[in-house]
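Model, not experiment: these values are computed from the prediction.
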Amino acid sequence: MRLLKIGRDVSCDIVMHSDRVSSLHAELTLLNSGDIMLEDKGSRNGTFIMNQQIKPNKPVNVKRGDAIRFADVELQWSQVPMPEDNSAYQGVYGIGSHFNNDFQISGSTVSRYHATIKHGRDGKMYIFDHSKNGTTVDGTKIQSNTPYRIKKSSAVVCGGVPVDLTRLPWPSSAWKYVAGIAAAMAIFIVGGWGAWKFIPWNNTVNPVTTQAMENASVCVYGGYYFNVTIKDDPFKGMYPEELWPSVWRFGWIPEQTENGVRLKAVPINKYPNANAFEYTGTAFFISKDGEMGTNRHIAVPWEYDKKQFENDIRDYLANQRTELAPTLSLYSGVNTELEWQARMNRLTASDIEISGTHVYLGVGLTGSKINSTLDLQQAQVIAESGDNDKDVALIRLNSRKTPDYLVDMGAIYDIEKARVDERTLKPQDEELTITGYPKGEDVANSTFDGKELRPTIHKASLSKIPDDNQIQIQAFGIGGQSGSPVIDKSHRLVGVLCSGFPGTEITYCCNIKHLVELYNKHRVRE
């Protein structure tokens, strides 16, 4: 179940911008059954269905698409989340203080629709928190609107009030015993047929649900600094590190120019308030071991951004050579003017090497709320192609484990059956699907009023015969969407979206064979 508050106050889930609308005007309740209840909360100017005013504090059933008006503002149904796809579950149970819940608990800290327990078809149970005051499982506060596995022995507390889980239909040990015997008999009887049936004679894959596709794609959040090394540094190690670092780290500050404000690269030892370079992108799970495919420019963005800031970096270092020369001479131990000048000439002529290091790298799972980097699932780069033309990389959750609920619902793209031969792709004959995060959380959160990450899923088509590295497709590619999986109508991975021409439908994907090659070299081994 889910409760949506509607009104003029900014704390409402759906905000109405009208002085005639009350601060808290009405509430919509989305029931697990798919039904929708509307209740006017004693508003000043009324709530109307088909121009008929409803009575205050009397819930009424409504249907998606009904003409509903709050005072003088019409409800836009696009602001109301679509019903959840609960096809992967055999039971859904609400917890809260409202009588509509299956588990009605009371307390001033308990929300009306506090949490939901979903019973998977495999017998496993997951709890989702929707509350203001939170839910804990075995003393650990769980993330809001994110599935959390519970067991019969789990201690679940909603808003400080314990929940009796014995009422749930837990499988008994006897049931497991009988099921085990039945499974063994089934394997014995149809083992030969099953072995033949499931041998991958062809390259098709089992269809996955839209919900699984959504959950398999994640939003990547990253922040980094440039690392700058002077290749032939004749003064390396001769001075205090704070005066002349062996590795210079550059962030950015805003600089006013004739054309507006731009980002200027500056060293963080001189500018402590310098910002990290931040970005978002997309990645997708390809194994149960927390491994994800994405772009190289998502994994090591400094390799693609350094040209933009190289002049800033070179200019700063050149100025430092001149400004610090008198100070450096005090530490150098250089005895003659001639030797000093020779060292300065080497320094001036030396090339620089620009690399980078992450301040943070993590992913936001579908349905999660990201308020800070602490809410991210932390990740690390495992491997990247090292080639700008092969824009693929492999990253992995630090936990080295894909969440159980994702594995259970099949939210993993089958890279073993990827469509690696681009020569089989025919322009305009291929129906492709892209699932990613264009504009990062700006778009991902918009449908859910800034509360839940949700990817964008859209269709595309092949628009040109592929070459060895890239596939050109007809679709609008937007920043943040980089790293999105591209699949064909049989749900086989075809490519990883990587670039495009702004304002056009010309978008490029890196051939999936390059990610497969990287994965086979660096994957987690049993």
Side-chain angles (χ1 to χ4, degrees), residues 1-5 27-37 39 59 61 81-183 209 211-212 215 365 367-369 403-411 452:
M1 299 184 188
R2 184 168 181 180
L3 179 69
L4 299 176
K5 295 183 178 182
E27 291 177 343
L28 274 175
T29 303
L30 313 181
L31 301 177
N32 292 331
S33 63
D35 293 336
I36 303 174
M37 304 295 293
E39 181 179 347
N61 278 303
M82 293 295 291
E84 291 185 63
D85 179 8
N86 287 320
S87 59
Y89 304 96
Q90 59 177 309
V92 181
Y93 310 95
I95 303 172
S97 61
H98 196 278
F99 67 87
N100 276 335
N101 289 285
D102 302 282
F103 291 80
Q104 187 177 5
I105 57 178
S106 59
S108 59
T109 55
V110 177
S111 299
R112 278 175 287 175
Y113 300 102
H114 197 103
T116 303
I117 294 176
K118 295 187 178 183
H119 184 188
R121 297 191 181 280
D122 56 0
K124 296 176 181 177
M125 299 282 187
Y126 303 91
I127 189 167
F128 299 69
D129 175 75
H130 320 298
S131 69
K132 179 180 179 181
N133 294 308
T135 297
T136 62
V137 177
D138 296 325
T140 300
K141 186 174 182 180
I142 67 174
Q143 193 173 28
S144 183
N145 293 306
T146 301
Y148 193 95
R149 174 85 180 277
I150 59 173
K151 299 179 180 180
K152 191 173 183 179
S153 59
S154 296
V156 174
V157 178
C158 292
V161 178
V163 180
D164 180 10
L165 299 182
T166 59
R167 294 168 49 197
L168 290 171
W170 300 99
S172 65
S173 56
W175 177 88
K176 289 182 180 179
Y177 178 74
V178 173
I181 294 176
T209 65
Q211 184 187 24
N215 283 274
L365 303 178
S368 63
K369 297 179 182 179
D404 288 339
Y405 75 94
L406 295 180
V407 176
D408 292 342
M409 72 169 61
E452 295 181 15

Quiz item: Can you tell if the side chain of Y89 reaches within under 4.5 Å of the side chain of M409, non-hydrogen atoms only?
Solution: yes
Quiz prompt | Which atom of A411 lies closest to which atom of A212, heavy atoms considered | solution = CB-O, 3.5 Å
Exercise. Kindly indicate whether the side chain of N61, heavy atoms from C-beta on, has any atom under 4.5 Å from the side chain of M37.
Key: yes
Quiz item: Does the side chain of V156 reach to within under 4.5 Å of the side chain of I117, using non-hydrogen atoms?
Solution: no
Exercise. Output the distance between atom CZ (R2) and atom CD1 (I36), rounded to the nearest 0.5 Å.
Key: 12.0 Å
Quiz prompt | Shortest non-hydrogen contact between L3 and Y113, atoms and distance | solution = CB-CD1, 3.9 Å
Quiz item: How long is the gap from CE on M125 to NZ on K152, to the nearest 0.5 Å?
Solution: 10.0 Å
Quiz item: Do you know the tightest heavy-atom contact between G160 and T109?
Solution: N-OG1, 4.5 Å
Quiz item: About how many Å separate CD of Q90 and NZ of K118, when rounded to the nearest 0.5 Å?
Solution: 13.5 Å
Quiz prompt | 4.5 Å side-chain heavy-atom contact, P81 and L30 | solution = yes
Exercise. Have a look at V110 and tell me which of N133, I105, I95 forms a side chain to side chain contact (heavy atoms under 4.5 Å, CB included) with it.
Key: I105
Quiz prompt | Note, R149 side chain near Y405 side chain (heavy atom, < 4.5 Å) | solution = no
Quiz item: Which atom names give the shortest non-hydrogen contact between T135 and C158, and what distance separates them?
Solution: OG1-SG, 3.8 Å
Quiz item: V163 and F103: which non-hydrogen atoms are nearest, and at how many Å?
Solution: CG1-CD2, 4.1 Å
Self-check item: Close side-chain approach of H114 and D129, heavy atoms under 4.5 Å
Solution: yes
Exercise. Answer with yes or no whether the side chains of H130 and T116 bring together a donor and an acceptor at under 3.5 Å.
Key: yes
Self-check item: Gap between atom CG of N145 and atom NZ of K369 - 0.5 Å precision
Solution: 5.0 Å
Self-check item: Interatomic spacing from CD in E27 to CD in E39 - rounded to 0.5 Å
Solution: 6.0 Å
Self-check item: Nearest-0.5 Å distance, CG of residue L165 to CD1 of residue I127
Solution: 7.5 Å
